[in-house]
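Comments concern the structure below.
Order of the sequence lines fixes the chain letters, A, B, ..., with proteins taken first and strands second; residue numbering starts at 1 for each chain. Remember, predicted model here, so these are calculated numbers, not experimental data.
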Amino acid sequence: MTRQDALFNYVLKLGDQSLVYGHRMSEWCSKAPMLEEDLALTNIALDYIGRARAFLSYAAELEGKSRSEDDLAYKRGEREFYNNLMVELPIGDFAFTMARQFLLSSYEYFLFTGLAQSKDEKLAAIANKVIKEVRYHWTHSRDWLMRLGLGTSVSHEKLQRAIDELWIYTDELFETGPEDQLLKSAGIVFNMDEIKTVWTELVHSILKEIDITIPETTFSQTGSRLGIHTEHLGHLLAEMQYLVRAYPEARW
Amino acid sequence: MDTINREDVRKLLSEICDPEIPVVTIEEIGMLRDVIVRDDVCEVFITPTYTACPAMEIIEKDIKELLYRHGIPHVKVTLVYSPAWTTEWINDAAKEKLRAYGIAPPLHTSCHNWLAPGTEEMECPRCGSKDTALVSRFGSTACKALYSCNTCKEPFEHFKCH
């Protein structure tokens, strides 16, 4: 594999992550527990869709096979998507949504802080842009974790259940493969072990503050690097891609 | 047609308003980054405020239409991400226009502590009171948050520090 191929795969994965999660979050539109949250969750979803466009159009350019960002978004099947399993899980309840947002934003904060120093200029530019949005999402989800964790026994229990459900998907965020080594030696991406260390420290400290226990399980669910997903991704793509696949030339 | 003058193009473009906040121009808000003229092709560089800013397509259309009307048909609009847009680029005159329009302008980025949100002192753009409260961190557009004033009781928008 050439460095160009490795970079294409890496940027495509970042694009898939943003697209699938953005679509997932958009499902909250008109269903949030209150109007302010409806605005928040859909604004967050929109940020992810914007991020997906930036990464997927760059991926299309790197691939150089005249596929567009739309081709990459709408004309690939689930085995060709490389997003982490965590982002494709159904939205669940509000506690689940906020817990996932917090785990993800914490991860993204450290990931994009690293990528902002990438030797690949375009990747660094997008990372620098995205990081400000990530901080805003982080703050929002951290505040909700505090409210839910320190709120009533019901909100605490729901948050604990969410963390219990999500925990087996956290390890996969830090998984790397042979092509990452190639990019790492070129100074394009950074050491995921270090990112995992600071992420763990941050997440543990916040969860401890609100008396949420981290599950002791050592099992972690993986597969996305090989395009193997949970049963949920196919349904999401079916909805997202239906129109383009049924009416390939549709314009409005 | 005569050769295109870069400064003339910039001057023309400086009149285009932000589609969502029509009291400020894309130049004042810092979205218009550069203009390069090569032969008869004019390339305009713009940067989004937020990655998903829905105004970008409207702005691109506005730029092309305006230049076409002034006899410049070959226009390329290029989106750049670096340097990342910041509210620091909005000058004091533009901030004053935002305030007069009813939007509390962004404070300096350096004043904004993202780890301790809600600690900034927000001034009501209508009555000037500093007794205000955050209603919603997200607002009608990606760049704004919603506040309310405890003194005059009016709700108002805040152009977030970014």
* To do: Determine, step by step, whether B/Thr132 and B/Glu123 satisfy the side chain to side chain donor-acceptor pair (under 3.5 Å) criterion, reporting the C-alpha distance in whole Å, the side-chain angles of both residues, the deciding distance to 0.1 Å, and the verdict.
  => CA-CA 7 Å; B/Thr132 58; B/Glu123 197 179 287; over 6 Å; no
Among [options], who wins on heavy-atom pairs under 4.5 Å with chain B?
| options | value |
| --- | --- |
| A/Gly22, A/Ala124, A/Gly50 | A/Gly50 |
| A/Glu37, A/Glu121, A/Lys122, A/Glu133 | A/Glu133 |
| A/Arg51, A/Glu36, A/Lys129 | A/Lys129 |
| A/Thr42, A/Leu46, A/Asn128 | A/Leu46 |

* Residue B/Thr47 versus chain A: region with a heavy atom under 4.5 Å ->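 Contact with chain A is absent: no heavy atom of B/Thr47 under 4.5 Å.
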* Non-hydrogen atoms of chain A under 4.5 Å away: do they reach the side chain of B/Val80, the backbone, both or neither? ->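 For B/Val80, neither part sits under 4.5 Å from chain A.
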* Any donor-acceptor N/O pair, A/His137 side chain to A/Ser105 backbone, under 3.5 Å ->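 Side chain of A/His137 to backbone of A/Ser105, a donor-acceptor pair under 3.5 Å: no, none is there.
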* Does A/Glu63 reach the main-chain N or O of A/Ala60 with its side chain, forming a donor-acceptor pair under 3.5 Å? ->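 No: the side chain of A/Glu63 does not pair with the backbone of A/Ala60.
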Taking the six-membered ring for Trp, is the centroid-to-centroid distance between [X] and [Y] below 6.0 Å?
| X | Y | result |
| --- | --- | --- |
| A/Phe102 | A/Trp144 | no |
| A/His23 | A/Tyr48 | no |
| A/Tyr136 | B/His162 | no |

* Can you tell which of B/Pro83, B/Ser136, B/Ala142 has the highest number of heavy-atom pairs within less than 4.5 Å of chain A? ->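 Of B/Pro83, B/Ser136, B/Ala142, B/Ser136 has the most heavy-atom pairs under 4.5 Å with chain A.
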* **Residues of residues 48-58 of chain B within contact distance of chain A, non-hydrogen under 4.5 Å** =>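 Contacts with chain A: B/Pro48, B/Thr49, B/Tyr50, B/Thr51, B/Ala52, B/Glu57.
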* **Reference residue A/Ile188; test side chain to side chain contact (heavy atoms under 4.5 Å, CB included); the match among A/Leu115, A/Val11, A/Leu123** =>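 Looking at A/Leu115, A/Val11, A/Leu123, the match for A/Ile188 under the side chain to side chain contact (heavy atoms under 4.5 Å, CB included) is A/Leu123.
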* Residue among B/Val9, B/Ile4, B/Val41, B/Val44 satisfying side chain to side chain contact (heavy atoms under 4.5 Å, CB included) with B/Val75 ->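 Testing each of B/Val9, B/Ile4, B/Val41, B/Val44 against B/Val75, the sole residue satisfying side chain to side chain contact (heavy atoms under 4.5 Å, CB included) is B/Val44.
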* Asked: When rounded to the nearest 0.5 angstrom, what is the spacing between CD in A/Gln101 and CD1 in A/Ile44?
  ->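 That separation rounds to 4.5 Å.
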